[in-house]
Amino acid sequence: MLNSPFFLMIIKKEKNRLTVKGEFFSAEQILSSGQVFRFNPYKQGYLLYAGSHIAYLCQSGDETVIECSDEDYFYNYFDLNTDYRKITEKIKKYSFMQDALNAGRGIRILRQERLETLISFIISANNNIKRISNIIQKICLALGEKKEFNGIIYNAFPTLPQLSSADTGFFINAGAGYRAAYLTKTISALNNGFDLNLIADMDLSEARKSLMSLSGIGRKVCDCILLFSYYRQNVFPVDTWIEKVYNDYIECGDICRNKIADNFEKMFGNLSGYIQQYLFYYKRNKQEG
DNA sequence: GACCAGGTGAATA
DNA sequence: TATTCACATGGT
């Protein structure tokens, strides 16, 4: 049992199990916020796959039980050491954020693995989330190590050597389309001295310049990688949904996405990543309903 | 068929 | 520097 450092969230950490309580954790909201592509409904909850790990999330009321292969891994993964009450208190000051906050209060910024995030978001370009998930699942099935937890068989995300065994034809066959060539080029760069760990110590512009030198990584994919696997909270990835939001709330015009991202980042600073996630979730779900 | 989905890279001016 | 276009694929 941990002493929770904040009020509304009670966290219990036991072997292979986390218990989370409070308004700032929603399995449904986290999984459908577009950060993560490997999960599926299972029994009363969801199975979630991350790197070589697996978790079963089951939420009833405001309590979520997470049965998982590694409780320390998922404690960090779900960013449970961060007080989202403090963050949302600051965001509340922006009146136009009220609805988005109320709709997605249970969202958290995940701390995902670098290689998996990088490969996943190269695939995400000009694509939709269902297809992205299918493509990644095929890649994991074919290349990832087979694992077992509590009787559930699953595949880990492939390691770099495992990814390197695939050629462009394999990724086309997995459904990646024209992004297949981006993948093999970038995987090749990673095998030839490009060190993802060095990005963590660079300042933002240097990190961007470096990541964007890889094939298939432009400003938006780069910023998703920085936010979801390097926890750079001061980036504001701008995709088609966020562009709609900007046109709705800020100013409607023909401003390019990079400029929108720059403007949002100036407006919101270190709150950028959080605000981006609340808005993405809100806009995308409202559209579907 | 046209348009869309967590856009990028190359060509062009 | 900014603008324009082609690019796989599956769903609506």
Side-chain angles (χ1 to χ4, degrees), chain A residues 29-39 100 103-104 107-110 112 114 116-139 166-189 205 208-233 235-248 253-265 272-289:
Chain A
Q29 289 173 15
I30 291 167
L31 294 180
S32 57
S33 69
Q35 304 177 58
V36 56
F37 305 102
R38 290 206 294 149
F39 63 92
I107 291 171
R108 308 182 76 83
I109 305 285
L110 300 178
Q112 303 189 69
R114 289 159 187 173
E116 177 168 358
T117 309
L118 178 133
I119 296 295
S120 298
F121 276 92
I122 289 176
I123 294 167
S124 80
N126 197 25
N127 211 339
N128 62 64
I129 290 177
K130 188 179 280 182
R131 280 199 72 235
I132 299 163
S133 301
N134 287 337
I135 295 163
I136 294 171
Q137 190 185 8
K138 282 181 190 167
I139 293 171
D167 60 8
T168 304
F170 167 83
F171 290 117
I172 288 175
N173 196 251
Y178 63 89
R179 308 165 199 83
Y182 300 161
L183 291 171
T184 46
K185 275 188 203 169
T186 286
I187 289 164
S188 160
S205 66
R208 276 194 176 126
K209 192 178 165 194
S210 181
L211 277 175
M212 287 170 65
S213 72
L214 296 171
S215 181
I217 301 182
R219 168 70 179 266
K220 189 271 170 184
V221 167
C222 171
D223 284 357
C224 282
I225 295 166
L226 288 174
L227 179 57
F228 302 139
S229 69
Y230 290 89
Y231 213 78
R232 300 276 182 136
Q233 306 147 38
V235 303
F236 206 113
V238 176
D239 72 326
T240 170
W241 297 105
I242 294 296
E243 185 178 24
K244 294 183 217 288
V245 168
Y246 190 89
N247 290 331
D248 288 351
D254 53 349
I255 309 154
C256 74
R257 289 185 184 179
N258 287 0
K259 187 71 186 167
I260 292 175
D262 288 341
N263 289 346
F264 268 138
E265 281 166 21
S272 292
Y274 304 100
I275 289 179
Q276 193 272 357
Q277 276 311 101
Y278 294 126
L279 289 175
F280 175 87
Y281 175 86
Y282 179 61
K283 183 68 178 174
R284 182 163 174 271
N285 281 66
K286 206 168 69 162
Q287 209 74 16
E288 282 181 347

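When reading the values below, keep in mind they use all heavy atoms of this one structure, side chains included, and skip hydrogens, waters and symmetry mates. Quick caveat, the model's predicted, so the values are computed rather than measured.
The side-chain hydrogen bond (donor to acceptor under 3.5 Å, both in side chains) check on A:Asp239 picks up nothing, with sequence neighbours excluded. Qualifying side-chain hydrogen bond (donor to acceptor under 3.5 Å, both in side chains) partners for A:Glu265, counting only residues two or more places apart in sequence or in other chains: A:Arg208, A:Arg219. Scanning for side-chain contact (heavy atoms from CB on, under 4.5 Å) contacts around A:Gln137 gives A:Asn134, with sequence neighbours left out. Listed by chain and residue number, A:Tyr84 satisfy the ring-ring contact (aromatic ring centres under 6.0 Å, His included) test with A:Tyr274 (two or more places apart in sequence, or in another chain). Every residue two or more places apart in sequence or in another chain that forms a side-chain contact (heavy atoms from CB on, under 4.5 Å) with A:Asn247 is listed here: A:Glu243, A:Cys252. A:Asp167 meets the salt bridge (Lys or Arg N to Asp or Glu O under 4.0 Å) test with no other residue; sequence neighbours excluded. Not counting sequence neighbours, A:Asn258 has no partner by the side-chain hydrogen bond (donor to acceptor under 3.5 Å, both in side chains) test. With sequence neighbours excluded, the residues that form a ring-ring contact (aromatic ring centres under 6.0 Å, His included) with A:Phe37 are A:Phe121. Under the side-chain hydrogen bond (donor to acceptor under 3.5 Å, both in side chains) criterion, A:Thr168 pairs with A:Thr184, sequence neighbours left out.
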Pairwise N/O distances under 3.5 Å, protein to nucleotides 11-13 of chain B:
none

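Residue A:Glu243 is out of contact with every strand shown, counting any heavy-atom pair closer than 4.0 Å.
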With sugar-phosphate taken as primed atoms, P, OP1 and OP2 and all else as base, the protein-contact string of nucleotides 1-8 of chain C at under 4.0 Å (heavy atoms; B, S, -) is ------BB
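In this structure, A:Lys138 does not reach the C:dT9 phosphate: none of its side-chain N or O atoms is under 4.0 Å from OP1 or OP2.
Residues of residues 212-223 of chain A that place a heavy atom closer than 4.0 Å to DNA chain B, in numerical order, are A:Leu214, A:Ser215, A:Gly216, A:Ile217, A:Gly218, A:Arg219, A:Lys220, A:Val221.
Straight-line distance between the P atoms of C:dA8 and B:dA11: roughly 16 Å, to the nearest whole Å.
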